[in-house]
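In what follows, a structure is listed as structure tokens, so that the remarks can point back to it.
Protein chains get the first letters and strands the later ones, always in sequence-line order, with residue 1 at the start of each.
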Amino acid sequence: TQLLEQSPQFLSIQEGENLTVYCNSSSVFSSLQWYRQEPGEGPVLLVTVVTGGEVKKLKRLTFQFGDARKDSSLHITAAQPGDTGLYLCAGARADGTASKLTFGTGTRLQVTL
Amino acid sequence: NAGVTQTPKFRVLKTGQSMTLLCAQDMNHEYMYWYRQDPGMGLRLIHYSVGEGTTAKGEVPDGYNVSRLKKQNFLLGLESAAPSQTSVYFCASSWVGAQPQHFGDGTRLSIL
């Protein structure tokens, strides 16, 4: 059972466009992390959100944690080719299984000139 | 700054062969993890360790074994490889459980 569903699965856009990636679950998470993975490399942490309703900005990337801590979104403004990659959300469960993360299914983003 | 190092980077096996994947971290992290990544399925946890000498099963442990004899090393073993184990394997480590994880660059394993 995949606890974290991401949408869309694939996204191909042109440079300068805006986009939003969603990460949804029926479970409550104590925190949620977003990673970006480039071909041939491991995922690299972008941000961690902890509080329901929290919004964090990282240059052109805006991350939001849902009020109920069951979902999250990643918005990219004026996408650039350097944003191309696989975006993964990962949640720390709030039910005591605190030793591990649950990863989402991933969103593969391609930004073309 | 090595971080998390995985060896080998690529390997091709025949069905039934055995092999061990090595993960080494130099950050003195307590927690270490092995994942497999398949298209459209994100990262799935195989086994993990919360400290030297400890191991625990993750989401997809069947067909794999692990050992954590030293704090800095976490080994993943395939006793009798099967084509269904063709995947990219990632090792990760963290200070405490479920905190941001540092990943290696993966091992691409093909089983014929």
Side-chain angles (χ1 to χ4, degrees), chain A residues 1-11 21-25 27-50 56 58 63 69 72 85-109, chain B residues 1-7 9-10 21 23-25 27 29-51 54-61 66 68 74 87-108:
Chain A
T1 301
Q2 190 61 257
L3 294 176
L4 274 171
E5 295 289 341
Q6 287 185 236
S7 61
Q9 194 173 0
F10 300 98
L11 195 53
V21 176
Y22 299 94
C23 175
N24 295 301
S25 176
S27 300
V28 177
F29 293 96
S30 59
S31 67
L32 199 134
Q33 301 162 21
W34 284 93
Y35 293 80
R36 181 168 65 207
Q37 183 180 13
E38 300 190 17
E41 299 181 4
V44 175
L45 180 73
L46 294 173
V47 78
T48 301
V49 285
V50 178
K56 279 192 174 179
L58 186 66
F63 304 85
R69 292 184 288 132
S72 181
L86 178 68
Y87 289 81
L88 294 161
C89 63
R93 294 278 294 275
D95 61 357
T97 55
S99 296
K100 48 197 177 182
L101 294 172
T102 299
F103 278 84
T105 48
T107 294
R108 189 166 299 279
L109 172 65
Chain B
N1 239 4
V4 178
T5 303
Q6 291 184 233
T7 53
K9 295 189 183 304
F10 304 94
L21 281 64
C23 176
Q25 53 97 1
M27 296 171 283
H29 285 169
E30 288 293 334
Y31 289 68
M32 295 188 75
Y33 308 83
W34 275 107
Y35 295 91
R36 60 178 289 172
Q37 185 173 40
D38 301 292
M41 303 190 76
L43 289 164
R44 292 184 293 169
L45 183 64
I46 303 171
H47 286 282
Y48 64 102
S49 169
V50 302
T54 75
T55 62
K57 293 181 179 180
E59 183 185 352
V60 288
V66 288
R68 182 106 181 262
F74 196 28
S87 187
V88 182
Y89 291 85
F90 285 97
C91 176
S93 69
S94 63
W95 286 111
V96 295
Q99 291 305 304
Q101 296 180 5
H102 298 256
F103 284 83
D105 285 338
T107 295
R108 187 173 296 275

Give me each pair satisfying salt bridge (Lys or Arg N to Asp or Glu O under 4.0 Å) with a member in residues 90-108 of chain B, each pair once, sequence neighbours excluded.
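For residues 90-108 of chain B: none.
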Could you grab the distance from atom CZ of B/F103 to atom OH of A/Y35, nearest 0.5 Å is fine?
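Nearest 0.5 Å value for the CZ-OH distance: 5.5 Å.
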From OH (B/Y48) to CG (A/L101), nearest 0.5 Å:
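If I round to the nearest 0.5 Å, the distance is 11.5 Å.
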Below 4.5 Å, heavy atoms only, C-beta onward: do B/L43 and A/Q37 meet side chain to side chain?
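Not touching, per the 4.5 Å side-chain cut-off.
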Between B/E59 and A/K100, is there a side-chain heavy-atom distance shorter than 4.5 Å?
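Of all side-chain heavy-atom pairs linking B/E59 with A/K100, none is under 4.5 Å.
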Answer with side chain, backbone, both or neither: which region of B/Q6 has an atom nearer than 4.5 Å to a non-hydrogen atom of chain A?
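Neither part.
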So which atom in B/G42 and which in A/L88 form the shortest heavy-atom distance, rounded to 0.1 Å?
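Of all heavy-atom pairs spanning B/G42 and A/L88, the closest is CA-CD2, 4.3 Å.
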Can you sort out the partners of B/E30 under salt bridge (Lys or Arg N to Asp or Glu O under 4.0 Å), two or more places apart, ordered by chain and number?
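Counting only residues at least two positions away or on another chain, B/E30 forms a salt bridge (Lys or Arg N to Asp or Glu O under 4.0 Å) with B/K71.
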Checking heavy atoms, do the side chain of A/Q9, its backbone, both or neither come under 4.5 Å from chain B?
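Answer is side chain: those atoms of A/Q9 sit under 4.5 Å from chain B.
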